[in-house]
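Below you'll find the structure, written out as structure tokens, and then a few comments.
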Amino acid sequence: MAKPDPLALLSVIAKTASRLKRILGFSEPQLGAMFEEAAKFRREYVECRRQAGITRDPSSKAQWLLFAAEWLERAEAAPALAKREAAETVSAK
């Protein structure tokens, strides 16, 4: 049996959590969006790593790895950024 894609699974979980929060009346749409954004960034990271793995040019490989590092950094920063933005939104009310 095929192993499930963890990024796809994360996206499904985020969407489900977001819908459940709306149904229950919680007002935290940023959290669902945060998971979506982090998953998107991780997909970009994986794609850049894949491109780096198939290129034969050392300069191109280095550039793809730099892109990958940037996407990974954004993916890791997304949760903290979303929480900070949510806190600023709540304090502004």
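The shown structure was predicted, so the numbers you read here are calculated from the model rather than taken from an experiment.
Between E37 and K40, no side-chain nitrogen of the basic residue sits less than 4.0 Å from a carboxylate oxygen of the acidic one, so the salt-bridge criterion is not met.
Annotation: ring-ring contact (aromatic ring centres under 6.0 Å, His included) contacts of Y45 (sequence neighbours excluded): none.
Of all heavy-atom pairs between A52 and T55, the closest is O-CG2, 3.5 Å.
Residue K61 holds its NZ atom at 9.5 Å from CD1 of I54, rounded to the nearest 0.5 Å. The structure places CH2 of W71 at 11.5 Å from CD of E47, a figure rounded to the nearest 0.5 Å.
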Using the side-chain contact (heavy atoms from CB on, under 4.5 Å) rule, take E44 and L72 through it: C-alpha gap first, then chi angles, then the decisive distance, then the call.
-> CA-CA 8 Å; E44 293 293 341; L72 183 59; over 6 Å; no
